[in-house]
Amino acid sequence: MENKLIVSVSPHLHKGESVKRIMWFVTASLVPAGIAGVYIFGLKALEVIVLGVVSALISEAVLQLLTKKKVSIFDGSAFLTGLLLAYNLPADVPFWLPIAGSFFAIAVAKHAFGGLGQNIFNPALAGRAFLMASWPKYMTSFVVPFSPDTVTCATPLAAIKESKLIEHISYLDLFLGKRGGCIGEVCIAALILGAVFLLWKGYISWHIPLSYIATTAIFTHIFGRQGSLSGDWLFSILNGGLILGAFFMATDYVTSPLTRKGQVVFGIGCGLLTFVIRAWGGYPEGVSYAILMMNAATPLIDRYTSNRIYGTKSL
Amino acid sequence: MKNLFNEFLKGIIKENPTFVLLLGLCPTLAVSVSMINGLSMGLAATFVILGSNLIISSIKRSIPDKIRIPCFIVVIATFVTIIELVMKAYSPALNRALGIYVPLIVVNCIVLGRAEAFASKQRVFNSLLDGLGMGIGFTLALVLISGIRESLGSGRLLGITIFKGFEPVLIFSMPSGALLIIGLLLGFFSLIKGKRS
């Protein structure tokens, strides 16, 4: 007689989701922003994206072969890391910059900590921080949108930091991405399209993005440059990497808190740090550092916001 | 004889002050920007450990137990002053490069640690061997770290350009790069150790 009863531990219902599936869906949701970036900055942007992704995949394969682990370059995680790293770079960087960044992201930020699911810091952002500390001159020269030859310009946030707004940029231009900036961060419209898709599929929840963006906007408004309650909060949302960071990088499963309560704390912390760096720090933009710092605080947040176990008293 | 040899050898690999005992990290982070700085710091510390181990193990019976740490520090400070004055007289540029970290050898935990854990309990000759081993271990670690940092952080080694047309990885000439290199080396050594046992 065949054994028809299967005894196993819970959960018994499986939705059919897997790491691989989620990673590829997140990657797909980032495609519109990439297309917009290539449209705005030209084929140089495509070159950076391809180099970032390919070198991330190669680094992953080589490291997994060296450490005698199963080679898992098709699970999408290395692809996504390379893609996000490239989205965080200006379009006219030298060809070796995305390669170095991807290698650092995969080798040091991911595999030195034990591989997928073990990393403390978001690998793509760690790669960006490494590049920013190592070759700042390439990381801060941005291409003018729609220019055939590579003319560089400051991002609107950098211009404000140096208290000189060269030309007025309308909110619509900012929303569509007609400004200097990193490849994947400029076109807010395309990013929101991808973010809505992820929210609809339930791959990310609203807790981190909403609390993050709202905190940055509120504090920017309160502590305006022309006196309190005068800050341009819409400008602060549409500029820099805030949308890209809040929806696609702060929500990384591995490096963000597990509970809803914790995620709100995480988002508020990211928002506060972003505002502080933008307003008073040395850099014009602080999204990547804000998320990295809150990544480091994630284990602590998880400890203090864990859900009450049924039948026990609260912590 | 083998025992004596072990006293010398343990400081280099098995109980390497930087990579195993994790002592003296403050000067390690600060001076390992260039290989010449790392090497001189290591040699200066080696001289101080040798001197303090020699004196402390010979006067260990007359040091009162309750105030032994101040006594150690006085002995160590004597040798640090000697090395600092010599450095100032013969190589002022190096002294400027190492800066405050030369006087800070007085409270370097490798030197104090050897005095407390070894020299104050052991025979003079053993203490000398122990100090020499620990000093060489510290020097080797510093040379390794500063060699990696200098070659990647500025494309040079001992001041000579080794990579042409290379864009220096600035992070490695900053303290954050030192932490990164030490962390990666620690991980690498424990990987090897794990494989062996």
Side-chain angles (χ1 to χ4, degrees), chain A residues 51 55 59 62-69 85 88-90 92-115 118-121 123 125-141 281-283 288-289 292-293 295-296, chain B residues 16 18-20 22 25-26 28-35 37-38 141 144-157 159 161-197:
Chain A
L51 280 170
S55 51
S59 309
V62 168
L63 279 160
Q64 283 174 333
L65 284 175
L66 280 180
T67 50
K68 298 194 180 73
K69 282 181 190 156
L85 177 81
N88 274 296
L89 300 178
D92 70 330
V93 292
F95 76 94
W96 45 265
L97 203 76
I99 298 177
S102 281
F103 176 75
F104 184 87
I106 297 289
V108 177
K110 189 176 170 192
H111 282 288
F113 286 92
Q118 311 281 330
N119 47 309
I120 301 172
F121 298 104
L125 284 177
R128 181 192 145 84
F130 170 74
L131 295 180
M132 194 77 185
S134 298
W135 297 284
K137 70 178 173 186
Y138 295 120
M139 293 296 288
T140 49
S141 77
Y283 287 112
S288 53
Y289 295 109
L292 283 173
M293 278 189 252
N295 283 165
Chain B
N16 186 294
T18 308
F19 292 126
V20 180
L22 292 180
L25 288 184
C26 166
T28 309
L29 292 175
V31 305
S32 59
V33 181
S34 69
M35 207 156 156
N37 286 6
L144 181 62
I145 296 166
S146 59
I148 296 175
R149 283 185 70 192
E150 194 184 0
S151 52
L152 293 178
S154 63
R156 288 191 300 243
L157 204 56
T161 310
I162 49 166
F163 301 129
K164 282 224 170 79
F166 169 75
E167 301 262 359
V169 193
L170 289 184
I171 192 170
F172 291 123
S173 44
M174 293 188 274
S176 47
L179 282 169
L180 207 61
I181 291 289
I182 292 176
L184 289 174
L185 284 174
L186 274 175
F188 182 68
F189 287 137
S190 62
L191 189 78
I192 295 175
K193 215 191 276 172
K195 279 216 177 115
R196 272 210 192 141
S197 58

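Within every chain, numbering begins at 1; the chains are lettered A, B, ... in the order of the sequence lines, protein sequences first and strands thereafter.
With hydrogens and angles ignored, the 3.5 Å screen pairs no side-chain donor or acceptor of A:Trp135 with any backbone N or O of B:Leu170.
Counted within 6.0 Å of CZ on B:Phe172, heavy atoms from surrounding residues, nucleotides or ligands total more than 12; the atom is thus considered enclosed.
At a 4.5 Å heavy-atom cutoff, B:Leu191 makes no contact with chain A through either its backbone or its side chain. For B:Phe188, no part lies near chain A; criterion is any non-hydrogen pair under 4.5 Å. For A:Pro136, the part lying near chain B is the side chain, with the backbone staying farther off; criterion is any non-hydrogen pair under 4.5 Å. At a 4.5 Å heavy-atom cutoff, the contact between A:Phe104 and chain B is made by side-chain atoms alone.
Heavy-atom pairs under 4.5 Å with chain A peak, among B:Leu180, B:Val169, B:Leu184, at B:Val169.
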